[in-house]
K.L.:
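I'd like to ask some things about the structure below.
So you know, we letter chains A, B, ... as the sequences are listed, proteins then strands, and number each from 1. Small disclaimer: the values here were computed from a predicted structure and weren't measured.
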Amino acid sequence: TPDGRVFAPPAARKLARELDVDIGEVEGSGPGGRISEADVRAHAESAEVHDETA
Amino acid sequence: MVVGDVTTGTEVLVIGAGPGGYVAAIRAAQNGLDTTLVDRDGYGGTCLNYGCIPSKALISATDVAHDARNATEMGVHADPVIHTDEMQEWKDGVVDQLTGGVEKLCKANGVNLMQGEATFVDDSTARIAHGGEGQGSESIDFEHAIVATGSRPIQVPGFEFEHDPIWSSRDALEVEEPPEKLLVVGAGYIGMELSTVFAKLGVDVTVVEMLDGIMPGYEDDVTRPVKKRADELGIEFNFGEAASDWEETEGGVVVTTEDEDGAEYTYDADKMLVAVGRQPISESLDPEAAGVEVDENGFIQTDDQARTNVDNIYAVGDVAGEPMLAHKASKEGIVAAEVIAGEPAALDQQAIPAAVFTDPEIATVGMTEAEAEEAGFEPKIGQFPFRASGRALSTGESEGFVRLVAEQEAGFILGAQIVGPEASELIAECALAIEMGATLEDVASTVHTHPTLAEAVMEAAENANDEAIHTLNR
Amino acid sequence: MVVGDVTTGTEVLVIGAGPGGYVAAIRAAQNGLDTTLVDRDGYGGTCLNYGCIPSKALISATDVAHDARNATEMGVHADPVIHTDEMQEWKDGVVDQLTGGVEKLCKANGVNLMQGEATFVDDSTARIAHGGEGQGSESIDFEHAIVATGSRPIQVPGFEFEHDPIWSSRDALEVEEPPEKLLVVGAGYIGMELSTVFAKLGVDVTVVEMLDGIMPGYEDDVTRPVKKRADELGIEFNFGEAASDWEETEGGVVVTTEDEDGAEYTYDADKMLVAVGRQPISESLDPEAAGVEVDENGFIQTDDQARTNVDNIYAVGDVAGEPMLAHKASKEGIVAAEVIAGEPAALDQQAIPAAVFTDPEIATVGMTEAEAEEAGFEPKIGQFPFRASGRALSTGESEGFVRLVAEQEAGFILGAQIVGPEASELIAECALAIEMGATLEDVASTVHTHPTLAEAVMEAAENANDEAIHTLNR
Ligand SMILES: Cc1cc2nc3c(=O)[nH]c(=O)nc-3n(C[C@H](O)[C@H](O)[C@H](O)COP(=O)(O)OP(=O)(O)OC[C@H]3O[C@@H](n4cnc5c(N)ncnc54)[C@H](O)[C@@H]3O)c2cc1C
Ligand SMILES: Cc1cc2nc3c(=O)[nH]c(=O)nc-3n(C[C@H](O)[C@H](O)[C@H](O)COP(=O)(O)OP(=O)(O)OC[C@H]3O[C@@H](n4cnc5c(N)ncnc54)[C@H](O)[C@@H]3O)c2cc1C
């Protein structure tokens, strides 16, 4: 988005902080790319997989 | 007698018991932190004692009378009389109940309460000066401090509040006998809320404002219904003038104002209310002693965790900058307390709503159309006028509208502007929509109870998508 | 003169111009469909003419008077008088403005309007019988039909509304001269709303109800504040009795009721309002002629696209089943129109809110705690009492509470029950929360304007998570 805003509910934003995920890098599966908690979790898990395989 | 010096210790010292401080203290204690809350004045701060609550109480009381007086169209005939002393007593009762509640809640959550003025000694010690009988002071060591010292009304040089006929908002809220003529300097939200109260009390109110309209932060069409209602109430406005001088007369004042070109005007009044803004309170605390930086306006700069430049010191509420609103103070207080407790909290809200309790109310959240454009969005606008709302018509108040601002592609809602009945309540749904990343379609698809004012939010969303039922889509 | 038979054609025939039908017609026309809307009575249906709107108008007018009469605590002294004839005139003006608006909106969107009673001939033809002067009838061919014929008050055998002292809700809403004593049979929401209006008009109101409390669909603690207020208004309740007989006296009635054990009681009154529920209107339309099935209660069964058992015929609103609410009718109308237009619409809403405009108001959406348990959830409950709300106290109305029901794990909000000031408006945020799949944390993290009643929704969410600031968490 033009102002760098991420469309994600507060709980998803908080989860991202908890999991140390940069929410700006999460791909949202909701309408218009809205990010859900599940998206944040999936991103965190795939990041872990990357870390392990790297 | 001066009490000797004792030093105590606390994990979290919260300075100031307004909506920033007391909320921070309660949340800190809920998180298991040993917490001390100190205030030199009443629990609840400006908001509960001299701000939000007393002003809203007087607005409600005068509204009940005003509504009854203006309901002949509905077949209701009444000639209400307001006994200002009783109204004040009731208002004080409401304030006492709430401030007493704050005290109880603090205690129930295990917050240590302290009465006194805090001054930093260094970044881990403060001195608390007790006023009143048992005068004296004590030192307190802290691991973390939360500064929540709030704000005070700005004084115009020469128009200091110690002069009897010159009122601050606090003085105005305590009036037992309304003046016949009141001059209000400043048409910001506090000036407008109070002008309305006094006009409804039958006072002859004149407003002088330096800028060229009321509540300049808001869009013209948003303030227009408020200006119109104020005109109907007989409030007289003089824009483009600044108060420059005053003189006491028998039992009143003559105030001189000046316009841009230096032309002078004079106004007779019994009292004069100066409401030209508020400024942070930080000096008595001596933040510099703790190494905390204060900007040229007296505000303490903080990051998105409410932290100052000093690692273990936080600042929240009015002293930490705009918007100077109670709920912004509380939000920051919660975040500061949670960060101290080690939780992943942050001031990550997309938007902070604001309400003005004028007649009719104004409430906004997030971006205006212009702000959305500036931010690089191509905004999509939806609007619904209350005159097309069955609920608004059936309550006899149908001025105003709901406007939603969304981004073009997915229709994510970016902002809302509401002027009209219960605007302050209706904005809650809009704020949730923004935080949730809701789209116009989400709001339009949510079933809204009939007949309610909240349907206007749904219709505005439909209107943005050219699908409104109860207004033409253009 | 009988006008000769003409056959016209339309893509979509909408039968009934209430909130189900007129909304369906407007949306169908917006979608480019050639649409005809027929009603045998006024545009706006029951809701605008004899239901939601007139009842809410009378509630508002009597509230203004009642509030002023009960504001001495606030220092407001008034002795309002209500001129019922003027109140009726005002109410009629509101109704006319809205029904006129519906007509204009239909025309502006290109809907063909027709006056008359529709009867199905088969699944692609209806006959429209015109009443009044230009009597006669015409045939109309349709590709799709939307049945939106609404409902009527249930008549208790022997207590038919044609008897002068026996009122339906419609009669009650048109009263120019309030009776001295009114007996209300039925303590459902319509009975309670109207009892309150009449009590506030100074009428001596007695309510008789077969069940053992008011508004039995709601939880006890939700109706309690309403019952308490009704008691304070002097309304007398007699539960566990059913009206069994009545007799006319000079200028009034004596009504006999019977309890479970057959014991009889009698009540004197000037008028008697029977408000024991509503039933669908389908017979005049002859749905069977089109092959549309009607269940034993007269409701037309529909699927989640508002479609009946006949492919090109839809049914929406009261005739299509519970909940019999205007906004449910409108939602179904929109879905039917969109499905006909080939859009992927469905009645997929998670919840339909409902409001009762008693004093105080009740509003609910989604599941109660018991319903959540039944559905297999382990519900998490959060509650906030309005007596701890600064806004509620500062308006002088602090009865009631907000309750949120959520599921245990993620905290998804499943339902809300609100009783108290502006409950009908506050439920909008809760409905959006449910539709968005918001969690308790989402609502708690959304900044809510201070001081507002909507803060109670946020505090209830915090309370469910043991994090409320302004109430104790247990
Ligand atoms: C007339 C009026 C109406 C208002 N209406 C609204 C409204 O409707 N909605 C809204 O959101 N906002 C409203 N506000 C603004 C609102 O009151 C403030 O935003 C809010 O009070 C800020 O909270 P705070 O905790 O930052 O500070 P404050 O509430 O100002 O509290 C600060 C506290 O700190 C104490 N203090 C200061 N220095 C020291 C020290 N050195 N040692 C110990 N204690 C100290 C003070 O005594 C005070 O109690 C209104 C304000 C006014 C004046
Ligand atoms: C006193 C009262 C208060 C109420 N308050 C509320 C409230 O606050 N909120 C709420 O949501 N609901 C309320 N309701 C319920 C609400 O009025 C109904 O749910 C709503 O009107 C249903 O809409 P509808 O379109 O299905 O039917 P209706 O509004 O009943 O409209 C049906 C229309 O169909 C016409 N019609 C019927 N048969 C034919 C035919 N054969 N040919 C042509 N026309 C025909 C009728 O003339 C009528 O105009 C209230 C009801 C009452 C009585």
Side-chain angles (χ1 to χ4, degrees), chain B residues 23 26 30 52-53 56-57 60-61 64-65 67-68 71 73-78 80-83 86-87 90 94 97-98 101 108 326-327 331 349 352-353 355 388 390 393-396 422 424-425 427-429 431-433 435-436 438 442 446-454 467 469 472, chain C residues 23 26 30 52-53 56-57 60-61 64-65 67-68 71 73-78 80-83 86-87 90 94 97-98 101 108 326-327 331 349 352-353 355 388 390 393-396 422 424-425 427-429 431-433 435-436 438 442 446-454 467 469 472:
Chain B
V23 168
I26 290 176
Q30 286 174 341
C52 326
I53 296 302
K56 267 80 260 183
S60 298
V64 169
D67 290 351
E73 204 202 6
M74 289 177 162
V76 177
H77 299 259
V81 175
I82 303 179
H83 295 183
E86 292 173 13
M87 178 175 77
W90 170 73
V94 169
Q97 190 167 343
L98 287 166
H327 43 285
K331 177 72 174 181
Q349 69 278 339
I352 294 173
L393 288 172
S394 76
T395 60
E422 304 299 342
S424 61
E425 303 297 347
I427 206 70
E429 181 187 2
L432 183 69
E435 293 297 342
M436 291 301 298
D442 289 324
T446 297
V447 181
H448 283 65
T449 320
H450 182 74
T452 60
L453 299 165
E467 294 194 326
I469 297 290
L472 292 179
Chain C
V23 168
I26 290 176
Q30 285 173 343
C52 327
I53 296 303
K56 268 80 259 184
S60 298
V64 168
D67 290 350
E73 204 201 8
M74 289 178 163
V76 178
H77 299 260
V81 174
I82 303 179
H83 295 183
E86 292 172 13
M87 180 176 74
W90 169 72
V94 169
Q97 192 168 341
L98 287 165
H327 42 285
K331 178 72 176 183
Q349 70 278 340
I352 294 174
L393 288 172
S394 77
T395 60
E422 304 299 342
S424 61
E425 303 297 347
I427 206 70
E429 181 188 1
L432 182 68
E435 292 297 344
M436 292 301 298
D442 289 325
T446 296
V447 181
H448 283 64
T449 320
H450 183 73
T452 59
L453 300 166
E467 294 196 325
I469 296 292
L472 292 179

K.L.:
Using a cut-off of under 4.5 Å on heavy-atom pairs, state which of B:L453, B:V23, B:I53 scores highest against chain C.
P.N.:
B:L453
K.L.:
What's the shortest heavy-atom distance between B:P80 and B:A65, and which atoms?
P.N.:
CG-O, 3.3 Å
K.L.:
Can you sort out the partners of C:T395 under side-chain contact (heavy atoms from CB on, under 4.5 Å), two or more places apart, ordered by chain and number?
P.N.:
B:S60, C:R391, C:E397
K.L.:
At a heavy-atom separation under 4.5 Å, does C:E73 approach chain B through its side chain, its backbone, both, or neither?
P.N.:
both
K.L.:
When heavy-atom pairs shorter than 4.5 Å are enumerated against chain C, which of B:P451, B:G396, B:A433 gives the highest number?
P.N.:
B:P451
K.L.:
Look at B:K56, B:Q30, B:M74, B:E86 and state which one has the largest set of heavy-atom pairs under 4.5 Å with chain C.
P.N.:
B:M74
K.L.:
Between B:I427, B:I352, B:I26, which shows the greatest number of heavy-atom pairs under 4.5 Å with chain C?
P.N.:
B:I26
K.L.:
With chain B, which of C:D67, C:V64, C:L393, C:I82 has the greatest number of heavy-atom pairs at distances under 4.5 Å?
P.N.:
C:L393
K.L.:
Taking the side chain as every heavy atom from C-beta outward, state whether C:H327 and B:H448 have any pair of such atoms under 4.5 Å apart.
P.N.:
no
K.L.:
Work out which heavy atom in C:A61 is nearest to a heavy atom in C:W90; give both atom names and the distance.
P.N.:
CB-CZ3, 4.1 Å
K.L.:
Would the distance check show the side chain of B:H450 and the main-chain N or O of B:G390 forming a donor-acceptor pair, the cut-off being under 3.5 Å?
P.N.:
no
K.L.:
Under 4.5 Å from any heavy atom of chain B, what part of C:A438 do you find: side chain, backbone, both or neither?
P.N.:
both
K.L.:
First locate atom CD of B:Q97, then atom OG of C:S394, and finally report the distance between them rounded to the nearest 0.5 Å.
P.N.:
11.5 Å
K.L.:
Heavy-atom distances under 4.5 Å only: say whether C:K331 touches chain B with side chain, backbone, both or neither.
P.N.:
side chain
K.L.:
If I measure from the heavy atoms of chain C, does B:A355 come under 4.5 Å with its side chain, its backbone, both, or neither?
P.N.:
both
K.L.:
Does any backbone or side-chain atom of C:L432 lie under 4.5 Å from a heavy atom of chain B? Answer side chain, backbone, both or neither.
P.N.:
both
K.L.:
Which bit of C:E467 is near chain B, if near means a heavy-atom gap under 4.5 Å: side chain, backbone, both or neither?
P.N.:
both
K.L.:
Side chain, backbone, both or neither: which part of B:E429 has an atom under 4.5 Å from a heavy atom of chain C?
P.N.:
both
K.L.:
Should B:E435 and C:D442 count as side-chain neighbours, where that means a heavy-atom distance under 4.5 Å?
P.N.:
no
K.L.:
For the CE atom of B:M436 and the CE atom of C:M436, what is their distance to the nearest 0.5 Å?
P.N.:
5.0 Å
K.L.:
Output the option from B:A454, B:P353, B:A431 having the highest count of non-hydrogen pairs under 4.5 Å with chain C.
P.N.:
B:P353
K.L.:
B:L98, B:V81, B:L472: which one forms the most heavy-atom pairs within less than 4.5 Å of chain C?
P.N.:
B:V81
